[in-house]
Amino acid sequence: MWEPTNTPEQDRFRKLQELRAQGIDAYPTQVERTHTTAAARQAYEVISPADAESHDDAPPLNVTVCGRIVRQNLKGKVYFAHIEDGAGRLQLFVRIDNVGEDTYELIKQQIDLGDFVQASGSMMRTRTGEISVLVDEFVLLSKALSPLPVIKERELEDGTIERYGEFSDVEERYRQRYADLAVNPDTREVFRKRARTLSAMRQFLDGEGFLEVETPILQPIYGGAAARPFVTHHNQLHQDLFLRISFELYLKRLLVGMYDAVYEIGRDFRNEGVSFKHNPEFTQMEFYKAYIDYHGVMDLTERMIAFIAEQVTGSTRITFAGHEIELAPPWKRITLRAAIREKTGIDYVDHRDAPSLHAAMQAAGINASPKDTWGKLVDTLLGDAVEPDLIQPTFMLDYPRDISPLAKMIPGDEMHVERFEFFIGGMEMGNAFTELNDPTDQEQRFLEMGRLYADEDEEAMPMDEDYLRAMRYGMPPCGGFGIGVDRLVMLLADKSTIREVLLFPHLRERQ
RNA sequence: GGGCGUGUAGCUCAAUUGGCAGAGCAGUGGCCUUUUAAGCCAUAGGUUAGGGGUUCGAUUCCCUUCACGCUCACCA
């Protein structure tokens, strides 16, 4: 059984017991709200505009509003409080003459900041012009036993809001997100932006004729990416299962099944390191569309991201980490080979095996493990030398075949596949390619990947026989795309860590 | 996993070279019938993240455990 651990909690717990002793239900069932705080304010502004000569002759407007007490000021025989609901804040003006001594005593003795209350009365303006409810009935809706951090704010002459006191401890904000949300309106806004991002994404894709689908999260074989999976077990079926690391192989089966264009928005799980841009579970959107190649996917990508930014922030021009970023098409396009050559002077085509490329990188002062495969070395060059500078949206084109087992070759080019990744704000945002639809080539690539990674690498991509069987029925030529939705939200909300855009980010268990 | 840093009252932060652990807000009691960071008077609140050590004496120095942050490694 919970017991108060500090003075404020002891006080609140005592008040709860006092209420019970008086026969007052601190958590009543019945609520009778007639107006949100915003609706009450709006309705009153109509009949008593701010610039009216007198507010006394405004017709009476009776309301019942509910909310959490976020500021209070007991001033002898009057009591002011601001309540907050999902729509905003509104001041309550309580006079002992209007509510009676019993209610006033209840407010004085048992009501705290953080309590949810219901107030009925007539709308009015105070002497300073603030729209308020002159309360004649006051009911406690829910007693708060633990104190929330108190944040006071003041509007300065230039309209900016100065805050006094804050709830800023990063760890506590993540562990007790409910308190963070309750107290910090900025945090609430981040997740409204997140919701608008997802909604705009669906709106765009639906408008382009895509069908939203859902595919298995628990999979007997994982694939579609190079990552370590989480493993789980189905007891009755005696079957080990993996939590998916991507949607790719299931979505492409659906093109065999004659949907022209599909997308899925959902959670992926990767059993890997945690960082400012990696969470063990994260939200991904992938789409696949028949009869387009990666150029068509680039066109969709530019238009989609610009559309989402417009819907979420009101503009295609955003600020991220102090940079002005223009998301309107067309975006910069550069081949991976040219970008690496520009930044490092290394042309990987001149170094076609791992030892040779590694030596060139050493000579250029770029560290990498000598055990890395050739493809991994190229990836290191991209990540270290190129990626951090890609602030403005950039399509990075044409990746080495070895690190892209699901993408189609560029005709007449032995080394490269039709693949792009796109970068904004120095972060990799997503990945796309002209999808490999030749079942014999695909089988060959799976076999090569198995050899490449051998058994010491847990990122090895296992052979998915059923996927190959699907492809043998014929898969239309198609373009595919994947984007890290959390990173997109980071960009649009101007947050530097993924944890700020996840409601409940993964944290180590506390002992 | 490695390196660096942080952890003091419910919240935000102080504490000189190792020398009585403090403030503001929140709380409690009192005054105040138009306040809004309300104000005034009084008052309570601490295993200084946990454990161990050095010392007459540790928030401070050392070791260790834990969590978080930054960074490196890792991360189609």
Side-chain angles (χ1 to χ4, degrees), chain A residues 4-12 14-15 70-82 89 91-98 104 109 112-114 124-130 132 134 145-156 161-175 179 183 223-228 245-246 248 268 270-280 282 367-369 372 375-376 379-380 382-384 399-400 402-407 417 419 421 428 430-433 449 458-459 461 482 484 496-497 499 505 507-511:
Chain A
T5 55
N6 54 53
T7 317
E9 285 182 344
Q10 281 159 3
D11 287 329
R12 285 162 185 257
R14 191 199 71 233
K15 291 171 186 180
V70 293
R71 176 196 152 252
Q72 60 178 0
N73 180 12
L74 185 70
K75 207 179 168 311
K77 294 191 172 59
V78 285
Y79 168 80
F80 293 94
H82 278 113
R89 290 186 177 190
Q91 180 167 262
L92 306 182
F93 179 24
V94 180
R95 295 161 47 108
I96 190 168
D97 299 343
N98 294 63
Y104 199 79
Q109 298 300 329
D112 287 297
L113 285 172
M124 49 94 65
R125 282 180 193 269
T126 62
R127 196 172 284 167
T128 54
E130 178 164 355
S132 308
L134 181 59
L145 290 179
S146 296
L148 286 165
V150 176
I151 292 171
K152 299 188 173 188
E153 48 189 45
R154 175 173 71 149
E155 196 173 331
L156 300 177
I161 288 176
E162 192 172 3
R163 293 219 166 91
Y164 302 84
E166 53 182 342
F167 181 48
S168 54
D169 183 291
V170 173
E171 185 177 350
E172 291 308 321
R173 283 181 48 241
Y174 296 158
R175 286 193 194 276
V183 155
R228 295 169 62 181
I245 58 172
S246 88
E248 172 145 3
D268 269 344
R270 296 187 184 178
N271 204 341
E272 288 173 347
V274 175
S275 81
F276 73 94
K277 49 181 179 175
H278 296 89
N279 195 64
F282 63 99
N367 285 324
S369 164
D372 282 352
K376 275 201 170 177
D379 207 44
T380 301
L382 168 63
D384 287 9
Y399 279 63
D402 328 32
I403 52 174
S404 314
L406 301 164
V417 294
R419 170 181 172 187
E421 292 185 317
E428 179 196 337
N431 183 22
F433 25 88
M449 290 306 284
E458 293 183 60
E459 289 180 9
M461 202 179 276
S496 58
T497 110
R499 289 181 163 184
L507 295 181
R508 220 178 286 257
E509 208 169 0
R510 221 177 222 171
Q511 300 188 337

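Heavy atoms only: backbone and side chains are in, while hydrogens, waters and symmetry mates are out. Quick caveat, the model's predicted, so the values are computed rather than measured. Every chain is numbered from 1, with letters handed out A, B, ... down the list of sequences.
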Tell me what [X] touches on the nucleic acid: a base, only sugar-phosphate, or nothing, going by heavy atoms under 4.0 Å.
{"X": "A:Q91", "value": "base"}
{"X": "A:E172", "value": "nothing"}
{"X": "A:S132", "value": "nothing"}
{"X": "A:R270", "value": "base"}

Give me the distance, rounded to whole Å, that separates [N] from [M] when you measure between the [atom1] atoms they each carry.
{"N": "B:rA9", "M": "B:rU48", "atom1": "P", "result": "10 Å"}
{"N": "B:rC56", "M": "B:rC40", "atom1": "P", "result": "47 Å"}
{"N": "B:rU43", "M": "B:rA23", "atom1": "P", "result": "11 Å"}
{"N": "B:rG19", "M": "B:rG51", "atom1": "P", "result": "23 Å"}

query: Does B:rC75 have OP1 or OP2 sitting under 4.0 Å from an N or O in the side chain of A:S275?
result: no
Between the side chain of [X] and the main-chain N/O of [Y], is any donor-acceptor distance below 3.5 Å?
{"X": "A:Y104", "Y": "A:V78", "result": "yes"}
{"X": "A:S246", "Y": "A:G223", "result": "yes"}
{"X": "A:R14", "Y": "A:E9", "result": "no"}

message: Just checking A:F93 against A:F80, ring centres under 6.0 Å apart?
response: yes
- prompt: Would you say the side chains of A:N279 and A:R499 form a donor-acceptor pair under 3.5 Å?
  reply: no
- prompt: Do the side-chain N and O atoms of A:Y164 and A:E162 include a donor-acceptor pair separated by under 3.5 angstrom?
  reply: yes
Whether [Y] and [X] form a salt bridge (side-chain N of Lys/Arg under 4.0 Å from carboxylate O of Asp/Glu) is what I want to check.
{"X": "A:E272", "Y": "A:R228", "answer": "no"}
{"X": "A:D379", "Y": "A:K376", "answer": "no"}
{"X": "A:E421", "Y": "A:R419", "answer": "yes"}

task: Write down the partner of B:rC20 under the Watson-Crick or G-U wobble criteria, each distance required to be under 3.5 Å.
output: none
query: Now, which nucleotide makes the Watson-Crick or G-U wobble pair with B:rU28, with each of the two distances under 3.5 Å?
result: B:rA42
field: Earlier contact from the 5' end, RNA chain B, for A:E166 and A:A81
entry: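 In this pair, the answer is A:E166.
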- request: On RNA chain B, check which nucleotide each of A:F80 and A:D384 is closest to and give me the residue with the more 5' one.
  value: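 It is A:F80, whose closest nucleotide lies nearer the 5' terminus.
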Closest nucleotide among [options] to the [X] side chain:
{"X": "A:K75", "options": "B:rC75, B:rC13, B:rC32", "answer": "B:rC32"}
{"X": "A:R95", "options": "B:rU34, B:rU12, B:rA76", "answer": "B:rU34"}
{"X": "A:K376", "options": "B:rC75, B:rU34, B:rU33", "answer": "B:rC75"}

field: Separation of atom CZ in A:R228 from atom P in B:rA76, rounded to whole Å
entry: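 Between P of B:rA76 and CZ of A:R228: 12 Å.
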task: Using atom CG of A:D379 as one end and atom P of B:rA73 as the other, report the distance to the nearest whole Å.
output: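 Spelled out: CG on A:D379 to P on B:rA73 is 13 Å.
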What are the atom names and distances for every N/O pair under 3.5 Å that joins the protein to nucleotides 3-9 of chain B?
none

Below 3.5 Å between N/O atoms, which protein atoms pair up with nucleotides 68-72 of chain B? Just atom names and distances, please.
unit_1	atom_1	unit_2	atom_2	d
B:rC68	OP1	A:R508	N	2.7
B:rC68	OP2	A:R508	NE	3.0
B:rC68	O4'	A:E171	OE1	2.8
B:rC68	O3'	A:R499	NH1	3.4
B:rG69	OP1	A:R499	NH1	2.1
B:rG69	OP2	A:R499	NH1	3.0

message: I'd like to compare against my own output: the B/S/- annotation of nucleotides 22-30 of chain B with a strict under-4.0 Å heavy-atom distance to protein.
response: ---SSSSS-
- prompt: When rounded to the nearest 0.5 angstrom, what is the spacing between NE2 in A:H82 and CD in A:E130?
  reply: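 Going from the NE2 atom of A:H82 to the CD atom of A:E130 covers 3.5 Å.
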